2 protein chains.
Amino acid sequence: MIQKENILPLEVFMDLDRSGPIPLYFQIAQKIEKAVLDGTLPAGSRVENEVSLGDRLGLSRPTIRRAIQDLVDKGLLVRRRGIGTQVVHGQVTRGVDLTSLYEDLTRSGKKPSTKILTYKIVKADAKISDRLGVPIGSDVLYLQRVRAADGVPVSIMENWLPADFTDIKEVDLNEHGLYQILRGRGVTIRVAKQKIGARRSSTQESEILKLDKNAALLTMDRTAYDNSGRAIEFGHHCYRPDLYSFEVTLVEK
Amino acid sequence: MIQKENILPLEVFMDLDRSGPIPLYFQIAQKIEKAVLDGTLPAGSRVENEVSLGDRLGLSRPTIRRAIQDLVDKGLLVRRRGIGTQVVHGQVTRGVDLTSLYEDLTRSGKKPSTKILTYKIVKADAKISDRLGVPIGSDVLYLQRVRAADGVPVSIMENWLPADFTDIKEVDLNEHGLYQILRGRGVTIRVAKQKIGARRSSTQESEILKLDKNAALLTMDRTAYDNSGRAIEFGHHCYRPDLYSFEVTLVEK
DNA sequence: GAGTGGTCTAGACCACGCA
DNA sequence: GCGTGGTCTAGACCACTCC
């Protein structure tokens, strides 16, 4: 495989803020990412090596390295020892990055709305107890909601939250995504474990999502943890497969 | 939230190989991961801080830091500035890590087998041209296979590969996974972009997978790139949802 | 104020691919 | 042999959280 010519990024690296709160490696990564997206660094082209880039910018190699590594982890660049760093072919797809469906829809320009079907406090059964790490029989908040985009129903969402979230207001859930509300309470979701599958829809689900009987549903089970490692939310969601899918970028470590 | 007691890992860090080919940060990460899995570091417990661990092991802080960071990225640990590092609650789920279904099945103790339905060289249409980055009308290898686990059909896989892979032997595909064959040719898949969805099965698909008519299928479209960033394979796979699902761990960066 | 993780420096040596 | 990325060191200062 013939390598394309070296393309040295010019001074795309203007206005680096060396004293502000934004890390230097992050600023560098942003500049390089922008250069890839706008074609300054076309697919397959080589990226300047770490040492010389560091020299030119007056930054240490570990700082440059971290910037590039972050882009490699995002699937934007590929590195080979002894060879160099190249831009991956193929358009960039934004992977799932720990946002809720609500934010997903907002970002893609749709207008999300939520209808609450069920809002009640229930006792945790064995499964919920296991997922949330709470005792069996303890109070948990149970939500059943329908999320629509521009008025078209996209997803039925069931969620369970530990007892100390039972004071979440029903009205807030009409106006905001769940993760948005949690953030407002100082809870940051840091890790989520998801299982994505498919099944046929029930009669009720078909009615709600305006699908045929026995249509295919895309399903997702998720447990989300905050920055102390505690389970905050367990959810079982099902999506209209013609309106939603999951995009994932995998990078060999 | 009350934090649990400090639990200082003892000398779980025996036999570190300081001169071998395995990086020190990797060895450290393995030891810590093992301690989490076997309960030495229970869920919610604190992990010793970077500086003191580095001192005790006679290693620099960046080395220790890298080990811990890798585990954070895997969703095993959580960090908070000013607080410390803790073990995430909830059992560890092995995420999808850029292996093929063949390896997936082997690892979970099943016996994979493959039946080739179609093996031929076709001309790239607009879609395949776009996904593989080859000219429209150029030769590509088209495969249609059925993968079974312990004799039960799990997945129908369609794959397209660029012209220089047209010498892949049909017999090899019976015995090995596609990625396995590629590795044997010196091709390393480094990045993959996947889109996971669902749809109803066609009559033919239902027959092959031994499903009811109009059953739900879990589908995955994937483009895979090698370590030079070149597209190596595009695939459209569909799975029996009762036998297969995708597990993904997301970590806020 | 003490303890923690987050960032950054300025070097070093090695492993690998290529000419 | 040379250029590349991969690892590692021994420090430094800062931001944040808790007491």
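Naming: A, B, ... by sequence-line order, numbering from 1 per chain. What you are looking at is a predicted structure, and each value in this text was computed from that prediction instead of being measured.
A donor atom on one side chain and an acceptor atom on the other are not found under 3.5 Å apart for B:Glu233 and B:Tyr225.
For the pair B:Gln27 CD and D:dT7 C1', the computed distance is 12 Å after rounding to whole Å. Taking atom CZ of B:Arg79 as the reference point, atom P of D:dT17 lies 16 Å away to the nearest angstrom. In this structure, CZ of B:Arg190 is placed 8 Å from P of D:dG6, rounded to the nearest angstrom.
B:Asp164 meets the salt bridge (Lys or Arg N to Asp or Glu O under 4.0 Å) test with B:Arg230; sequence neighbours excluded. The side-chain hydrogen bond (donor to acceptor under 3.5 Å, both in side chains) search around A:Thr114 returns A:Arg147, not counting sequence neighbours.
Nearest-nucleotide positions on DNA chain D for B:Arg66 and A:Gly84 put A:Gly84 closer to the 5' end.
A sub-4.0 Å separation between OP1 or OP2 of C:dT7 and a side-chain N or O of A:Tyr25 is present. Look at B:Asn49 and you'll find a side-chain N or O under 4.0 angstrom from OP1 or OP2 of C:dT4. Taking only side-chain nitrogens and oxygens, A:Thr85 comes nearer than 4.0 Å to OP1 or OP2 of D:dG5.
With B:Arg80 contributing its side chain and A:Asn227 its backbone, the two residues share a donor-acceptor pair below 3.5 Å.
Salt bridge annotation for A:Arg185-A:Asp167: present, with a cationic side-chain nitrogen under 4.0 angstrom from a carboxylate oxygen.
Here the nucleotide nearest the side chain of A:Arg46, chosen from C:dT9, D:dT4, D:dT7, is D:dT4.
Using a 4.0 Å heavy-atom cutoff across all strands shown, B:Leu24 reaches sugar-phosphate atoms only and no base atom.
For the pair B:Leu178 and B:Leu173, the minimum side-chain heavy-atom distance is below 4.5 Å.
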TODO: Scan nucleotides 10-17 of chain C nucleotide by nucleotide, 5' to 3', and note B when protein non-hydrogen atoms come under 4.0 Å of the base, S if they reach only the sugar-phosphate, - if neither.
DONE: B-B--BBS
